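These numbers come from a predicted model, not from an experiment.
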Amino acid sequence: MHLSHALRCAAIVALIVTLCTTARAVDPVKHPSDRDSIVPQPYDPLLPSSNAGRPGSSGTFDPFAPAGGFGSNVAPNSVQPLISRDDPRLNPQLQPDPDTTTPRWRIGLYSLDTGTGVQIVRVSPGSPADLAGLEPDDMIVAVAGYQVGLIENSRRELGQVFNDYAGPDGHVNLLVQDHRSNGLTNLHVHLESRLQTIEGTVTFRDQVRMPSNAQVKIELYETIRQGVSYPIVSKTISDWQRQPIPFTLEYDPSLIDSRRQYNVHATIVADNRTYYQTRNPYPVITEGYPRVVDIRMYSTNSSDGGGFANNRDEQLEQIVEWIREYMNRDIRPGERQVYTSSVDRGESLDEIRAQLLGRPEFYNRSGHDDEAYIRNLYEVVLNRRPTQTEVNAWLRQLDAQNGIRTNLAREFLAAVSKQN
């Protein structure tokens, strides 16, 4: 009896050690705080500041000179963690493929892979596994008819099998061995998606003849610093017929850090050639931006290099579109004649755009407030909100222009053009 009791105790200890060392969650979620803390040096070429008083400075306004020192707009005495040269986000050759498959579905249990199947160790309350009636010690033998667990010294993980065989809405059938009766039963489970989505549409304004194999590519990036972005996920749409082109971009929320900025970019490509692209990234997810975005692309064949229009009619169409966007109305007959004459005289679209952005009508939509006006400039031109530092810098520049908003709009558009 004593020997039998000792053997049972040894077996229990061995089981506890096994559970503590090998039990793993089928679908753990990594919290953003677990990621390496990388705080990039903020730098924005659209942040105007005066270089007056700096060594070697000409004292002229430079929209590319960030406040607080060269290459940074943080306090000069603040300590900022350095970004390693080997960080994959700074080295394109080390960056993973953004299309790499990640576990999409969550069932909500901890498990052990065995030669018989996947043995359940713990079930998360309220999870799909809990709602389906799964219990600890139940054994998941197969998913959609495919065996799981340890098979000939290789592991077939539930997460990957769910990716391969669950339906588009997460419905899947499991073959389960009930730990109470040891009987086998088929169990239908509705899995929970671990991914979140960005939804929206893609449009392009002019019609450039493209090959039949043209594809729309939509990408989500994390901005590391100005000019350096890290791909999170991308999606390619091949079977589109007309615009607007709807899209849904799925991403893993565990990869998102609320302290950083995320942008969506779109292109239309065929045969290694880009026909359309967004002129500026569209911010999403963090900093109060939504996960719904309507993306506008422009032809890369524009004669002015700015992604606008190629001929007289297209230039007038662009002006009409700006009036609708900036003034919230259609163009008036008299205005059409004026802008037709301007285009015929060779006046650039950038100059016409600056005039529209400087008009009292656009300023009135900002509530006759200079700060709101600056914020609206960022919204309509860059599709993003400015920081308070950016607003203050451009307000100082507006004062330097004696409050002439058309002049400020010219400088703002010029800074945007240099950035692109």
Exercise. In terms of side-chain heavy atoms, does Gln215 have a donor or acceptor partner in Ser238 at a distance below 3.5 Å?
Worked result: yes
Exercise. For residues Gln119 and Gln177, is any side-chain donor paired with an opposing acceptor at under 3.5 Å?
Worked result: no
Seminar exercise, completed: CG of Asp130 to CG of Leu134, rounded to nearest 0.5 Å, is 9.0 Å
Exercise. Do the charged groups of Glu371 and Arg375 touch, with an N to O distance under 4.0 Å?
Worked result: yes
Seminar exercise, completed: dist Thr203:OG1 -> Arg242:CZ (nearest 0.5 Å) comes out at 15.0 Å
For this session: Taking Thr286 for its side chain and Arg260 for its backbone only, find out whether a donor-acceptor pair lies under 3.5 Å.
Result: yes
Problem set entry | Heavy-atom closest pair, residues Ala132 and Val189 | CB-CG2, 3.8 Å
Exercise. Under 6.0 Å from the six-membered ring centre of Tyr110 and within 45° of its axis: does the NZ or CZ of Arg122 meet both?
Worked result: yes
For this session: Answer yes or no: is there a side-chain heavy-atom contact under 4.5 Å between Val284 and Asn263?
Result: no
For this session: Please name the pair of heavy atoms, one in Ser127 and one in Gly108, separated by the smallest distance, quoted to 0.1 Å.
Result: OG-O, 3.1 Å
For this session: Please assess Thr278 against Arg296 for the test side-chain contact (heavy atoms from CB on, under 4.5 Å), listing each intermediate value before the final yes or no.
Result: CA-CA 6 Å; Thr278 48; Arg296 183 181 304 170; over 6 Å; no
For this session: Take Arg194 and Trp105 through the side-chain contact (heavy atoms from CB on, under 4.5 Å) test and state the conclusion after the steps.
Result: CA-CA 6 Å; Arg194 70 168 68 248; Trp105 300 109; over 6 Å; no
Exercise. How long is the gap from CG on Leu220 to CD on Glu250, to the nearest 0.5 Å?
Worked result: 12.5 Å
Exercise. Heavy atoms, side chains only, cut-off 4.5 Å: are Leu112 and Val118 in contact?
Worked result: no
Exercise. Taking only residues two or more places apart in sequence or in another chain, which ones pass salt bridge (charged side-chain N to carboxylate O under 4.0 Å, His left out) with Glu361?
Worked result: Arg329, Arg359
Problem set entry | Where Ala270 and Ala214 come nearest, the two heavy atoms and their spacing | CB-CA, 3.7 Å
Exercise. Which word best sums up how the rings of His188 and His171 line up, parallel for under 30°, tilted for 30 to 60°, or perpendicular for over 60°?
Worked result: parallel
Exercise. Ile232 versus Tyr221: any side-chain heavy-atom pair under 4.5 Å?
Worked result: no
Exercise. Is Arg104 paired with Glu192 through a side-chain N to carboxylate O contact shorter than 4.0 Å?
Worked result: no
For this session: Side-chain contact test, heavy atoms from C-beta onward, threshold under 4.5 Å: evaluate it for Thr267 versus His265 and give yes or no.
Result: yes
Exercise. Does a side-chain heavy-atom distance below 4.5 Å link Leu195 with Tyr251?
Worked result: no
Problem set entry | Name of the residue among Leu398, Leu382, Ile374 meeting side-chain contact (heavy atoms from CB on, under 4.5 Å) with Phe412 | Leu382
Problem set entry | Side-chain H-bond candidate by donor/acceptor type, Tyr282 with Arg384, under 3.5 Å | no
Seminar exercise, completed: In this structure, CE of Met139 is separated from CG of Leu174 (nearest 0.5 Å) by 13.5 Å
Problem set entry | Parallel, tilted or perpendicular: ring planes of Phe362 versus Tyr373, cut at 30 and 60 degrees | perpendicular
Problem set entry | Test ring pair (Phe, Tyr, Trp, His ring centres under 6.0 Å) applied to Tyr146 and Tyr165, step by step | CA-CA 9 Å; Tyr146 293 87; Tyr165 302 111; 3.9 Å; yes
Exercise. Which pair of heavy atoms, one from Asp113 and one from Gly149, lies closest together, and at what distance?
Worked result: OD1-CA, 4.1 Å
Exercise. Could you go step by step and tell me if Val381 and Leu413 meet the side-chain contact (heavy atoms from CB on, under 4.5 Å) rule?
Worked result: CA-CA 8 Å; Val381 177; Leu413 294 176; 4.1 Å; yes
For this session: Answer yes if the side chains of Asp370 and Tyr363 hold a donor-acceptor pair under 3.5 Å, and no otherwise.
Result: yes
Exercise. Is a side-chain donor or acceptor of Tyr262 paired with a backbone partner of Asp257 at a separation under 3.5 angstrom?
Worked result: yes
Exercise. Is a donor on one side and an acceptor on the other found under 3.5 Å between the side chain of Glu335 and the backbone of Arg332?
Worked result: yes
For this session: For the residue pair Glu219 and Ser234, confirm or rule out a side-chain donor-acceptor distance under 3.5 Å.
Result: no
Exercise. Yes or no on side-chain contact (heavy atoms from CB on, under 4.5 Å) for Leu357 and Val380, after CA distance, side-chain angles and deciding distance?
Worked result: CA-CA 9 Å; Leu357 292 172; Val380 300; 4.0 Å; yes
Exercise. So does Glu287 pair up with Arg385, basic N to acidic O under 4.0 Å?
Worked result: no
Problem set entry | Ile295 side chain reached by Thr201 side chain, heavy atoms, under 4.5 Å | no
Exercise. Rounded to the nearest 0.5 Å, what separation is found between the OH atom of Tyr326 and the CD atom of Glu321?
Worked result: 9.0 Å
Problem set entry | Minimum side-chain heavy-atom gap Gln196-Arg291 below 4.5 Å | yes
Problem set entry | Smallest separation among heavy atoms of Ile237 and Pro246, with atom names | CD1-O, 3.7 Å
For this session: Evaluate the side-chain proximity of Tyr276 to Val202: yes if any heavy-atom separation is below 4.5 Å, no if none is.
Result: no
Exercise. Rounded to the nearest 0.5 Å, what separation is found between the CD1 atom of Ile285 and the CD atom of Glu222?
Worked result: 10.0 Å
For this session: Identify the heavy atoms of Asp169 and His190 that sit nearest to each other, and give their distance.
Result: O-NE2, 2.8 Å
Exercise. Any donor-acceptor pair under 3.5 Å linking the side chain of Glu390 with the backbone of Thr387?
Worked result: yes
Problem set entry | Any pair counted as salt bridge (Lys or Arg N to Asp or Glu O under 4.0 Å), so long as it reaches residues 133-154, sequence neighbours left out | Glu135-Arg180
Problem set entry | Sidechain-backbone polar pair: Thr197 side chain, Glu199 backbone, donor-acceptor under 3.5 Å | no
Problem set entry | Sidechain-backbone polar pair: Thr114 side chain, Thr116 backbone, donor-acceptor under 3.5 Å | yes
Exercise. Using a distance-only test with no angle check, is there a side-chain donor-acceptor pair under 3.5 angstrom linking Ser348 and Asp350?
Worked result: no
For this session: May I ask you to establish whether Arg273 and Tyr275 are in a cation-pi arrangement, using a distance under 6.0 Å from NZ or CZ to the six-membered ring centre and at most 45° from the ring axis?
Result: yes
For this session: Would you tell me whether Asp178 and Thr185 have side-chain atoms, one donor and one acceptor, within less than 3.5 Å of each other?
Result: no
For this session: Identify whether the distance between the nearest side-chain nitrogen and carboxylate oxygen of Arg324 and Asp330 falls below 4.0 Å.
Result: yes
For this session: Run the numbers on Asn407 and Glu411 for side chain to side chain donor-acceptor pair (under 3.5 Å), then give the verdict.
Result: CA-CA 6 Å; Asn407 290 345; Glu411 291 195 11; over 6 Å; no
